[in-house]
Amino acid sequence: YLAVSVLGASLSLWRIWRDLGRPEWKIAWHEWRDGFHFALQTASYAAFGSTDKPVIAALSTLSTAGIYAAANRLAMAAAIPVRSLLYSAYVRFFQSGVAGPRSSARLAVRLLPLGLGLGALGAVATLVMAPLAPRILGHGYAGTDTALLLLAPVPILYAVYCLGLDVLVSTGNTGLRTLAQIAMPPVNILLCWLLVPAGGASGAALAAL
């Protein structure tokens, strides 16, 4: 991972220097608030994808955490087409946001059917994969199928809430989006605390859902 990251960063820097010249150290201090919000959004997104595993292990067993982690990875892989759509449309949200919230919301509505379609495709793939997962991963992952069945709607929900968040950030409401995102990990931890002791990996999947 480190080697590939260094290679990609080096190639990017070389192309920037070649096309745009040497960088000039000029910091737009007046934009610190937006930068801080974007940093918090990235951190909260990483936290939402990582904090539940150690919490599940503490509330149950390492085996339960492993089963849930495997199911969660597969469900998030099924959401890759949706993520590709969102990444490709991200700049368009800012272009539309210049004309106001209504324009940005209209773009989200136009993208919603495609997002739901890609999400449904991922959900169906998850449902197909569910009974096969324990056989592919091994007997130690028995129970992954049930967790996957519960996580199948994740790609669809991912499309809906990410489009909504993109509307917020593209209309200058970065603080509201940041607040929505940083609220997710504590809520997830609370739901794990309520559902994991009795439900195990299935409870963890319900908490994530």
Side-chain angles (χ1 to χ4, degrees), residues 1-9 39-87 115-163 165 177-178 180-209:
Y1 287 138
L2 178 61
V4 171
S5 298
V6 169
L7 178 63
L40 276 180
Q41 290 169 23
T42 304
S44 62
Y45 182 78
F48 184 63
S50 303
T51 51
D52 53 351
K53 280 79 171 180
V55 171
I56 293 165
L59 293 171
S60 184
T61 63
L62 290 174
S63 177
T64 299
I67 291 170
Y68 165 74
N72 182 260
R73 286 289 183 91
L74 291 171
M76 291 310 296
I80 287 176
V82 176
R83 293 169 66 182
S84 300
L85 169 68
L86 295 169
Y87 289 152
L116 290 176
L118 293 172
L121 183 65
V124 171
T126 304
L127 293 173
V128 171
M129 185 65 187
L132 302 175
R135 300 180 184 180
I136 296 172
L137 298 173
H139 67 277
Y141 287 91
T144 310
D145 50 347
T146 305
L148 269 176
L149 290 174
L150 292 170
L151 290 172
V154 163
I156 299 174
L157 297 176
Y158 189 79
V160 175
Y161 79 74
C162 281
L163 284 172
L165 291 177
R177 170 172 177 157
T178 303
Q181 285 195 222
I182 63 176
M184 294 299 288
V187 170
N188 192 22
I189 290 172
L190 175 62
L191 290 173
C192 284
W193 181 70
L194 293 172
L195 299 173
V196 169
S202 297
L206 282 173
L209 192 62

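Because only heavy atoms are used, hydrogens play no part in the values below, and waters and symmetry mates are left out as well, while side chains stay in. As the structure is a prediction and not an experimental result, all values here were calculated from the model. This chain uses plain numbering: 1 for the first residue, then up along the sequence.
Between the CD1 atom of I189 and the CD1 atom of I56 there is a distance of 10.5 Å, given to the nearest 0.5 Å. Taking CG of N72 as the reference point, atom CG of L209 lies at 11.0 Å (rounded to 0.5 Å). Summarising the geometry, atom OG1 belonging to T61 is positioned 7.0 Å from atom CD1 belonging to I67; distances are rounded to the nearest 0.5 Å. For the atom pair CG of L163 and CG of L85, the computed distance is 7.0 Å after rounding to the nearest 0.5 Å. Taking CE from M184 and CG from D52, the interatomic distance works out to 11.0 Å, rounded to the nearest 0.5 Å. Atom OG of S202 sits about 8.5 Å away from atom CG of D145, to the nearest 0.5 Å.
With sequence neighbours excluded, no residue satisfies side-chain hydrogen bond (donor to acceptor under 3.5 Å, both in side chains) with N188. Take P81 and apply the side chain to side chain contact (heavy atoms under 4.5 Å, CB included) test, not counting sequence neighbours, and it matches L118. Residues satisfying the side chain to side chain contact (heavy atoms under 4.5 Å, CB included) test with A205, not counting sequence neighbours, are A147, L150, L151. Looking at residues two or more places apart in sequence or on another chain, you find a side chain to side chain contact (heavy atoms under 4.5 Å, CB included) between V160 and L112, L116. With sequence neighbours excluded, no residue satisfies side-chain hydrogen bond (donor to acceptor under 3.5 Å, both in side chains) with Y141. Applying the side chain to side chain contact (heavy atoms under 4.5 Å, CB included) criterion to A69, with sequence neighbours excluded, gives K53. The side-chain hydrogen bond (donor to acceptor under 3.5 Å, both in side chains) check on S60 picks up T64, with sequence neighbours excluded.
Counting all heavy atoms, side chain and backbone alike, P155 lies closest to A75 at CG-O, 4.1 Å. C162 and L86 get closest at one heavy-atom pair: CB-CD1, 3.3 Å. Counting all heavy atoms, side chain and backbone alike, L165 lies closest to A180 at CD2-CB, 4.2 Å.
Screening residues 142-163 for ring-ring contact (aromatic ring centres under 6.0 Å, His included), with sequence neighbours left out, gives Y158-Y161.
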Below 3.5 Å, can you tabulate the donor-acceptor pairs from side chains in residues 120-133 to any protein atom, sequence neighbours excluded?
unit_1	atom_1	unit_2	atom_2	d
T126	OG1	G122	O	2.8

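Using a 4.5 Å heavy-atom cutoff, the side chains of V196 and Y68 are not in contact.
Around the CE atom of M76, the shell of radius 6.0 Å holds more than 12 heavy atoms that belong to other residues, nucleotides or ligands.
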**Request:** Any chance you could lay out the side chain to side chain contact (heavy atoms under 4.5 Å, CB included) test for W193 and V55, step after step, and finish with the verdict?
**Result:** CA-CA 8 Å; W193 181 70; V55 171; 5.9 Å; no
